[in-house]
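The block underneath contains the structure these notes are about, expressed in structure tokens.
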Amino acid sequence: MKKILFIIDKLELKYFEFNNLVTNFWLIKSFLEKGCEVYITTNPNLSLKLDVPYAKCYETFIQNENIFYKNVIQSCKIDEFDLVMFRPDPPVDIDYINATYILDFVKNAEIINSPCAIRDFNEKLHSIYFKEFMTENTVTSSLKDIEDFLSMHKQIVLKPLNRCFGSGVMYLYDGDPNTRTIINTMTNNESTLVMVQKYIPEVKQGDIRVLTLGDKILPYAIKKLPSKDDFKFNTHNDDFIVNSGLTVNDLNTFTPIAQKLNSMGIKMAGLDVINGKIIEVNVTSPCYFIKEINNLYKIHLEDEICDFLLTKSLLSV
């Protein structure tokens with residue numbers, strides 16, 4: 001029987017039961033159905049005793065098609081687990097980084113995604129590894145640089161480098177009377193780097209979440225639609241998520257990206273794509289939209305993912 005540890009977000013632990021919008025819900029449920037022991041913990045519950053990493057964790061179980069956890073905390077050596085799913089949400093702050101340091105001392109358990117890879121890969125900035133698939137962009141804290149970029153491209157998007165779910169993302173147009181205020185707020189008065197991208201008008205039709213798993217691109221994709229009061233996707237419900245199947249050309253185009261990420265220790269990622277352009281590469285806790293994909297494609301994506309993790313990782317050794 002395989003023993004699996006999920007490191008999840010503190011907010012997700014608080015609302016653990018019934019949260020079937022969360023990727024971890026489906027993965028934990030599938031692992032349990034496959035006979036695995038599955039435990040959950042959060043970053044603050046990790047520790048290091050000499051050079052041995054531990055986790056204070058809770059055992060999960062299935063009841064009436066939902067997942068729950070026993071309210072009895074256990075202290076376990078992390079190397080007692082076969083697989084560790086490292087999936088806390090950003091911000092990637094010092095507490096997040098310190099958790100990855102603890103996991104550096106894990107000797108035997110397979111960790112997905114690699115804490116070292118996550119620490120070394122910024123979801124916004126390192127998307128530039130794939131610059132041939134990106135729109136024009138710059139990373140800077142300079143007011144003048146951003147104003148020049150705005151003057152050149154007329155419409156731009158500014159993104160904080162360490163947040164998720166579109167948090168803090170701002171749109172600017174040339175001539176916006178709030179331009180300097182927005183730039184100074186985003187950059188903390190030119191002291192904080194931000195990602196600045198040329199605005200892609202097709203965002204009004206939504207962005208596509210392209211999913212990687214190991215070396216391959218999954219053929220199931222969804223389009224995330226913006227709400228009426230925002231230029232980007234910001235409401236996770238079925239009304240704003242539609243089918244967006246990938247073509248053979250799409251699969252061929254994005255497969256080298258999956259292969260590159262996998263070689264870095266990032267087995268699971270989500271590419272956000274607008275009009276063929278990558279705007280972000282999600283590697284920390286990428287949402288696989290399993291509930292929505294299952295409904296749209298009539299499949300059980302969670303089983304495909306878990307089968308891969310159980311057979312393609314060190315678990316098969």
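For reference, positions follow the sequence shown, starting with 1.
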**Study point:** Under-4.0 Å salt bridge between Lys224 and Asp272
**Key:** yes
Check your understanding: Is the distance between the ring centroids of Tyr69 and Phe16 less than 6.0 Å?
Key -> yes
Point to revise | Audit row: Lys198, Met152, side-chain contact (heavy atoms from CB on, under 4.5 Å) steps and yes/no | key: CA-CA 9 Å; Lys198 178 183 176 181; Met152 179 185 301; over 6 Å; no
Exercise for review: Using the rule that two of Ile, Leu, Val, Met, Phe, Trp, Tyr join whenever any of their side-chain heavy atoms come within less than 4.5 Å, decide whether Ile112 and Phe105 are in one cluster.
Suggested key: no
Practice item. Measure the spacing between CD of Glu59 and CG of Leu5 and express it to the nearest 0.5 Å. Key: 12.0 Å
Exercise for review: Indicate yes or no: at least one non-hydrogen side-chain atom of Met170 is less than 4.5 angstrom from one of Val157.
Suggested key: no
Revision key, fill the gap. The reported gap from CD1 in Ile183 to CD in Glu190 (rounded to nearest 0.5 angstrom) is 9.0 Å
Point to revise | Lys34, NZ: over 12 other non-hydrogen atoms inside 6.0 angstrom | key: yes
Review point. Are Lys2 and Phe31 in a cation-pi contact, defined as NZ or CZ under 6.0 Å from the six-membered ring centre and within 45° of the axis?
Key: no
Review point. Is the centre of the Phe6 ring less than 6.0 Å from the centre of the Tyr39 ring?
Key: no
Point to revise | Ile118 side, atom CD1; Ile266 side, atom CD1 - distance, nearest 0.5 Å | key: 7.0 Å
Review point. Do Thr138 and Asp145 pass the side-chain contact (heavy atoms from CB on, under 4.5 Å) test, and can you show the C-alpha distance, the side-chain angles, and the key distance before you say yes or no?
Key: CA-CA 9 Å; Thr138 185; Asp145 286 353; 5.8 Å; no
Review point. So, the side chain of Asp79 versus the backbone of Ala109: is there a donor-acceptor pair under 3.5 Å, distance only?
Key: yes
Practice item. Go through the steps to decide whether Ile222 and Ile293 satisfy the test side-chain contact (heavy atoms from CB on, under 4.5 Å), and finish with yes or no. Key: CA-CA 7 Å; Ile222 55 97; Ile293 286 176; 3.6 Å; yes
Check your understanding: Do side-chain atoms of Asn243 reach the backbone of Gly245 as a donor and acceptor pair under 3.5 angstrom?
Key -> yes
Exercise for review: Report the C-alpha separation of Asp82 and Glu110 in whole Å, then their side-chain angles, then the decisive distance to 0.1 Å, and conclude whether the side-chain contact (heavy atoms from CB on, under 4.5 Å) test is met.
Suggested key: CA-CA 6 Å; Asp82 299 288; Glu110 170 90 347; over 6 Å; no
Exercise for review: Kindly give the heavy-atom pair with the smallest separation between Met264 and Phe121, and that separation in Å.
Suggested key: CE-CD1, 3.5 Å
Exercise for review: Verify, without hydrogens or angle tests, whether Gln197 (side chain) and Glu136 (backbone) share a donor-acceptor contact under 3.5 angstrom.
Suggested key: no
Review point. Do we get Lys49 above Tyr54's six-membered ring, with its NZ or CZ under 6.0 Å from the centre and within 45° of the axis?
Key: yes
Review point. Any sub-3.5 Å donor-acceptor pair from Thr41's side-chain atoms to Lys56's backbone N or O?
Key: yes
Review point. Without hydrogens or angle criteria, can the side chains of Asn19 and Glu12 be said to hold a donor-acceptor pair below 3.5 Å?
Key: no
Exercise for review: Please say whether the positively charged group of Lys3, taken as NZ for Lys or CZ for Arg, lies over the ring of Phe81, i.e. under 6.0 angstrom from the six-membered ring centre and within 45 degrees of the axis.
Suggested key: yes
Practice item. Identify whether Leu271 and Leu213 are in the same connected component of the hydrophobic contact network (ILVMFWY, side-chain heavy atoms under 4.5 Å). Key: no
Check your understanding: To the nearest 0.5 Å, what is the distance between CD1 (Ile278) and CG (Asn137)?
Key -> 11.5 Å
Revision key, fill the gap. From the list Thr185, Asn184, Thr192, side-chain hydrogen bond (donor to acceptor under 3.5 Å, both in side chains) with Asn188 holds only for Thr192
**Study point:** Pro256 side chain near Phe254 side chain, heavy-atom distance below 4.5 Å
**Key:** no
Review point. Do the side chains of Leu83 and Val106 join up, straight or via other hydrophobic residues, at under 4.5 Å, putting them in one cluster?
Key: no
Practice item. For Ile111 and Leu103, work out which heavy atoms get closest and say how close. Key: CD1-O, 3.8 Å
Practice item. Scan side-chain atoms only and decide if Thr181 and Asn178 contain a donor-acceptor pair under the 3.5 Å cut-off. Key: no
Check your understanding: So, the side chain of Thr60 versus the backbone of Val38: is there a donor-acceptor pair under 3.5 Å, distance only?
Key -> yes
Review point. So which heavy atom on Pro90 is nearest to which on Ser285, and how close?
Key: CD-OG, 4.2 Å
Exercise for review: Find out whether Lys124 and Glu280 are in side-chain contact, i.e. whether some heavy atom of one side chain is under 4.5 Å from a heavy atom of the other.
Suggested key: yes
Practice item. Assess the side chains of Thr179 and Glu147: does a donor N or O sit below 3.5 Å from an acceptor N or O? Key: no
Exercise for review: With the side chain counted from C-beta on, respond yes when Lys29 and Glu302 share a heavy-atom pair under 4.5 Å apart, and no when they do not.
Suggested key: no
**Study point:** Hphob cluster co-occupancy, Phe25 + Phe308, side-chain heavy atoms under 4.5 angstrom
**Key:** yes
Revision key, fill the gap. Correct closest heavy-atom pair for Leu246 and Leu251 would be CD1-CD2, 4.0 Å
Review point. Heavy-atom distance under 4.5 Å between the side chains of Arg119 and Ile97, does that happen here?
Key: yes
Exercise for review: Please answer whether the main-chain N or O of Cys116 pairs with a side-chain N or O of Asp104 as donor and acceptor at a distance below 3.5 Å.
Suggested key: no
Exercise for review: Check Cys287 against Leu211 and note the closest heavy-atom contact, atom names and distance.
Suggested key: O-CD2, 3.8 Å
Practice item. Would you give the length of the straight line joining atom CG of Leu11 to atom OG1 of Thr42, rounded to the nearest 0.5 angstrom? Key: 11.5 Å
Check your understanding: Which pair of non-hydrogen atoms, one from Ala269 and one from Val283, has the smallest distance, and what is that distance?
Key -> CB-CG1, 4.3 Å
Exercise for review: Take Asn71 and Tyr58 through the side chain to side chain donor-acceptor pair (under 3.5 Å) test and state the conclusion after the steps.
Suggested key: CA-CA 7 Å; Asn71 194 23; Tyr58 303 92; 4.9 Å; no
Review point. Do Ile94 and Asn98 have side chains that get closer than 4.5 Å, going by heavy atoms?
Key: yes
Check your understanding: Within a radius of less than 6.0 Å around NZ of Lys154, do more than 12 heavy atoms belonging to other residues, nucleotides or ligands occur?
Key -> yes
Review point. Any side-chain donor-acceptor pair under 3.5 Å between Tyr220 and Glu304?
Key: yes
Exercise for review: Using atom types as modelled and distance alone, determine if a side-chain donor or acceptor of Glu123 lies under 3.5 Å from a backbone N or O of Thr284.
Suggested key: yes
Practice item. Would you check if the side chain of Thr23 reaches a backbone N or O of Tyr288 as a donor-acceptor pair within less than 3.5 Å? Key: yes
**Study point:** Lys107 NZ: over 12 foreign heavy atoms closer than 6.0 Å
**Key:** yes
**Study point:** Side chain proximity check, Leu27 to Cys306, heavy atoms < 4.5 angstrom
**Key:** yes
Practice item. Please answer whether the main-chain N or O of Asn122 pairs with a side-chain N or O of His126 as donor and acceptor at a distance below 3.5 Å. Key: yes
Check your understanding: For the atom pair CD (Glu132) and OG1 (Thr253), what is the distance rounded to the nearest 0.5 Å?
Key -> 10.5 Å
Review point. Taking atom types as modelled, is there a side-chain donor on Asp95 or Asn43 under 3.5 Å from an acceptor on the other?
Key: no
**Study point:** Residue pair Lys291 / Trp26, side-chain heavy-atom distance below 4.5 Å
**Key:** yes
Review point. Given Phe86 and Tyr96, is the ring pair (Phe, Tyr, Trp, His ring centres under 6.0 Å) satisfied, shown in steps?
Key: CA-CA 11 Å; Phe86 184 61; Tyr96 193 109; 5.5 Å; yes
Exercise for review: Indicate if Leu13 and Ile62 have the same hydrophobic cluster label, given that clusters are the connected sets of ILVMFWY residues with side-chain heavy-atom separations under 4.5 angstrom.
Suggested key: yes
Practice item. Examine the side chains of Gln155 and Tyr171 and answer whether a donor and an acceptor come within less than 3.5 Å of each other. Key: yes
**Study point:** Main-chain N/O of Pro286 paired with Arg209 side-chain donor or acceptor, under 3.5 Å
**Key:** no
